[in-house]
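Reviewing the structure listed below.
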Amino acid sequence: MLKCYLLILISLFNYSCLKEIERNSIKIIRTKQHPYFIDHSRKIVISQGVIRTERTLYPDSGDGCNAYLFDTDTGFILIDCNAQWFSINKITGRIDDAGWRWQEILPDKYLGTFKREDHRKGYLFLREQKITLAEVY
C-alpha cells in the first residue's frame, strides 16, 4: 500500500515539473536529401527535454514549401504548404493531424513562418508581424 502511495506521489511530482513546449522547440527539418536535386521530404520535430516527437510533412518539390505557425490556448497550430493543419499539444508535444482545411480562417495569434533557407540547408523560422489568408493558401 505504501508503495502505491509513493508511486502516485512521484508521478504527481513528475507531472507538475513538466514545462510547456516552447516555440523554439519546434523545427522543420529536411529528410532524404539528394546531393543534386532540391526536392526533399520534410519533418516537423518537437524536441524539448525528454519530449521528442516528429511527423512527416508534405514534401517540398523545390519551390520552397512554407509552413505557418500559430499559438492557441492549448497548443500550436502548424498550417503546412498544402493547407494541411497540425495541432501540437503544449504539454505532451504530441502532433495530431487536424485535417485539410483549405481557405479556413486563420487562428488569431500568428507567430511566424518556416521558410526554406536554400536548397542545401534546412528551414528558418522567421517572425513576421501578420499574414493574410492569400499568403497561407
Side-chain angles (χ1 to χ4, degrees):
M1 184 74 160
L2 181 60
K3 288 182 182 180
C4 229
Y5 287 123
L6 187 57
L7 184 60
I8 291 171
L9 183 62
I10 290 171
S11 297
L12 288 173
F13 177 76
N14 285 339
Y15 183 76
S16 66
C17 292
L18 289 176
K19 292 175 62 178
E20 284 190 350
I21 298 295
E22 298 173 356
R23 203 300 309 150
N24 294 340
S25 303
I26 303 170
K27 305 216 181 320
I28 292 182
I29 61 169
R30 293 173 45 158
T31 60
K32 299 181 185 176
Q33 297 177 17
H34 191 279
Y36 305 113
F37 302 126
I38 59 176
D39 59 325
H40 57 273
S41 295
R42 304 172 308 133
K43 283 185 184 180
I44 181 171
V45 177
I46 313 297
S47 182
Q48 180 170 311
V50 296
I51 296 173
R52 178 162 170 95
T53 55
E54 58 184 51
R55 186 171 191 121
T56 301
L57 298 174
Y58 193 78
D60 187 339
S61 64
D63 294 332
C65 196
N66 294 337
Y68 306 89
L69 189 66
F70 298 84
D71 194 357
T72 68
D73 291 336
T74 58
F76 296 99
I77 298 291
L78 181 83
I79 303 176
D80 200 14
C81 59
N82 64 344
Q84 189 71 35
W85 286 40
F86 295 93
S87 64
I88 303 165
N89 186 295
K90 286 184 178 178
I91 302 297
T92 64
R94 180 179 167 155
I95 305 166
D96 289 318
D97 188 339
W100 187 71
R101 299 182 174 192
W102 182 254
Q103 295 293 320
E104 187 161 320
I105 295 172
L106 304 174
D108 289 331
K109 192 171 180 185
Y110 171 63
L111 298 177
T113 304
F114 289 97
K115 292 185 177 184
R116 189 182 69 199
E117 186 174 7
D118 71 23
H119 71 277
R120 290 179 300 276
K121 297 181 181 177
Y123 289 78
L124 291 177
F125 183 77
L126 302 174
R127 294 182 192 274
E128 297 177 331
Q129 297 301 316
K130 56 184 176 177
I131 194 93
T132 65
L133 201 65
E135 291 173 292
V136 173
Y137 301 111

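Because only heavy atoms are used, hydrogens play no part in the values below, and waters and symmetry mates are left out as well, while side chains stay in.
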[X] and [Y]: which non-hydrogen atoms are nearest, and at how many Å?
| X | Y | answer |
| --- | --- | --- |
| Q48 | E22 | OE1-N, 3.0 Å |
| T113 | Y68 | OG1-CD2, 3.3 Å |
| I46 | G93 | CG1-O, 3.9 Å |
| S87 | A98 | N-CB, 4.4 Å |
| C65 | D60 | N-OD2, 3.2 Å |

Give, for atom [atom1] of [X] and atom [atom2] of [Y], the distance between the pair rounded to the nearest 0.5 Å.
| X | Y | atom1 | atom2 | result |
| --- | --- | --- | --- | --- |
| I21 | T92 | CD1 | OG1 | 7.5 Å |
| L69 | R127 | CG | CZ | 9.5 Å |
| Y110 | D71 | OH | CG | 13.5 Å |
| R42 | F114 | CZ | CZ | 10.5 Å |
| K109 | I77 | NZ | CD1 | 13.5 Å |

Taking R101 for its side chain and A83 for its backbone only, find out whether a donor-acceptor pair lies under 3.5 Å.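 No.
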Would a distance-only check, ignoring hydrogens and angles, find a side-chain to backbone donor-acceptor pair under 3.5 Å from D80 to N82?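 Side chain of D80 to backbone of N82, a donor-acceptor pair under 3.5 Å: no, none is there.
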Are [X] and [Y] connected in the hydrophobic side-chain network, where two residues link if heavy atoms are under 4.5 Å apart?
| X | Y | answer |
| --- | --- | --- |
| V136 | L133 | yes |
| I131 | W85 | yes |
| F70 | W102 | yes |

Is it true that the NZ or CZ of R55 lies under 6.0 Å from the centre of F86's six-membered ring and within 45 degrees of the ring axis?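 Pair R55/F86 does not count as cation-pi.
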Quick check with a 6.0 Å cut-off and a 45 degree axis cone: is K90 positioned over the face of F76's six-membered ring?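 Relative to the ring axis of F76, which defines the angle, K90 lies inside both limits.
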Is [Y] close to [X] at the side-chain level, that is, under 4.5 Å between some pair of heavy atoms?
| X | Y | result |
| --- | --- | --- |
| W100 | Q84 | yes |
| I88 | I44 | yes |
| F125 | K27 | no |
| L57 | C81 | no |

Residues T132 and E135: side-chain donor-acceptor under 3.5 angstrom: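 Yes, because at least one side-chain N or O of T132 sits under 3.5 Å from a partner of the opposite role on E135.
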Just checking D108: does its CG atom have more than 12 heavy atoms from other residues, nucleotides or ligands closer to it than 6.0 angstrom?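 For D108, atom CG is not crowded (no more than 12 foreign heavy atoms under 6.0 Å).
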Show your working on side chain to side chain contact (heavy atoms under 4.5 Å, CB included) between K115 and L124 and close with a plain yes or no. CA-CA 5 Å; K115 292 185 177 184; L124 291 177; 5.6 Å; no
Name the residue from T31, I29, T53 that meets the side-chain contact (heavy atoms from CB on, under 4.5 Å) definition with V45.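 Filter result, single survivor: I29.
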